[in-house]
Amino acid sequence: MMKLNSSSKLNFPKHLAIIMDGNGRWAKKKHSTRSFGHRFGVEKFKSVAKYCGKIGIGHLSVFAFSTENWKRPPEEVKFIMGLFEEYLSKALSEFQGENFRVNFLGGKTLLSEKIRNLIARAERETKSCTGMVLNIAANYGSKDEITRAVKEIAKKVEAGQISIDQIDETLISQNLYTDGQPDVDLVIRTGEEKRISNFLLWQSAYAEYIFLDTLWPDFKLEFIDDAIREFSSRKRRFGGIAIDS
Ligand code: FPP
């Protein structure tokens, strides 16, 4: 199935972010385990990423695991990490096949050595891919990311490499995990909740939001088409006024 592509007469988002919520509730409704929901969630993520690449989305960011998700029961955290490791160990050829350049958002120290190595390898071996940039947020939190950026910049000021006057929005953006990428212009969140949950706060300052009640495993590829149509029809003024006002 492929209905849209970037030559469709629509204004495509440059950077789409997706909060894939609702795996647990989906599984519960099916009288199954949360783990089953997460496994299904990964499969859904794979097909959505592939579709976004095909229709010409330039940058896709997905929230796989947040800095707050460590508060879940240890067995669930262990399962998700196992799933992440399993996914990463098989995904490299898929990334290359789809021409995805992968980039991981989040602090690496809390991740296992195996996962850290798989992340480093995926980033290294897809560096020259020219298709969609796929940002996978794992152990990611926006407040944590901004705190790290502030520390990095403060270190440079302390070392006398830059002056306080040189701190501007560009410098802050350059110290985030999305350095060099366009700001997020469309965020889709599934799973009924209508909140941002510490995802790409700086990058999505002017993003459009689409909240869907659908639980992530029930997400359909045509929802991407619908979201792009909706995005394309919204008037984005960035704090200014509409040209025709
Ligand atoms: C959201 O559902 C899922 C998570 C926070 C963690 C796991 C994410 C995936 C399995 C999909 C992506 C995976 C990869 C490898 C990129 P939830 O557990 O918050 O559901 P609930 O709100 O219904 O409990």
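Atoms within a ligand are numbered from 1 in the order they appear, just like the ligands themselves.
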From CA spacing to verdict: side chain to side chain donor-acceptor pair (under 3.5 Å), Tyr51, Asp225
CA-CA 10 Å; Tyr51 183 67; Asp225 295 3; 2.5 Å; yes
Do Ser112 and Ile115 come within less than 4.5 Å of each other through their side chains, counting heavy atoms only?
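Touching, per the 4.5 Å side-chain cut-off.
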Close N or O approach ([X], ligand 1; < 3.5 Å):
{"X": "Arg25", "result": "yes"}
{"X": "Gly22", "result": "yes"}
{"X": "Arg72", "result": "yes"}
{"X": "Gly41", "result": "no"}
{"X": "Trp216", "result": "no"}

Looking at Arg39 and Glu86, does any basic side-chain N land under 4.0 Å from a carboxylate oxygen?
yes
Would you call Lys50 and Glu94 a salt bridge, taking side-chain N to carboxylate O under 4.0 Å as the test?
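No, this pair does not count.
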Test of ring centre spacing under 6.0 Å for Tyr177 and Phe104:
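Between Phe104 and Tyr177, which both carry aromatic rings, the centre distance is not below 6.0 Å.
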Is it true that Trp216 and Phe40 have ring centroids separated by less than 6.0 Å?
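Here the rings of Phe40 and Trp216 have centres that are no less than 6.0 Å from each other.
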Is ligand 1 less than 4.0 angstrom away from at least one heavy atom of Glu193?
no
Does the residue Tyr87 have a heavy-atom contact with ligand 1, meaning some pair of atoms that are separated by less than 4.0 Å?
yes
Looking only at atom types and distance, does a side-chain atom of Thr126 sit under 3.5 Å from a main-chain N or O of Cys129, one as donor and one as acceptor?
no
Tell me whether Lys108 contacts the main-chain N or O of Gly106 through its side chain, where contact means a donor paired with an acceptor under 3.5 Å.
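Yes; judged by distance alone, with no hydrogens or angles, the pair exists.
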Distance filter under 4.0 Å to Phe84 heavy atoms, resulting ligand 1 atoms
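That gives atoms 15 (C) of ligand 1.
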Atoms of ligand 1 close to Val42 [distance to a heavy atom under 4.0 angstrom, numbered from 1]:
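Numbered from 1, ligand 1 contributes 10 (C), 13 (C).
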Residue, atom name and distance, where the atom is the protein heavy atom closest to [atom]:
{"atom": "atom 12 (C) of ligand 1", "answer": "Met20 CE, 3.3 Å"}
{"atom": "atom 3 (C) of ligand 1", "answer": "Asn23 ND2, 3.3 Å"}
{"atom": "atom 10 (C) of ligand 1", "answer": "His38 O, 3.3 Å"}

Should the heavy atoms of other residues, nucleotides or ligands under 6.0 Å from CZ of Arg34 be counted, would the total exceed 12?
yes
Logged contact type for Asn69 with ligand 1, heavy-atom cut-off 4.0 Å, is side chain
Residue selection (non-hydrogen contact nearest atom 14 (C) of ligand 1) among Ala27, Gly37, Ala64:
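Shortest heavy-atom distance from atom 14 (C) of ligand 1: Ala64.
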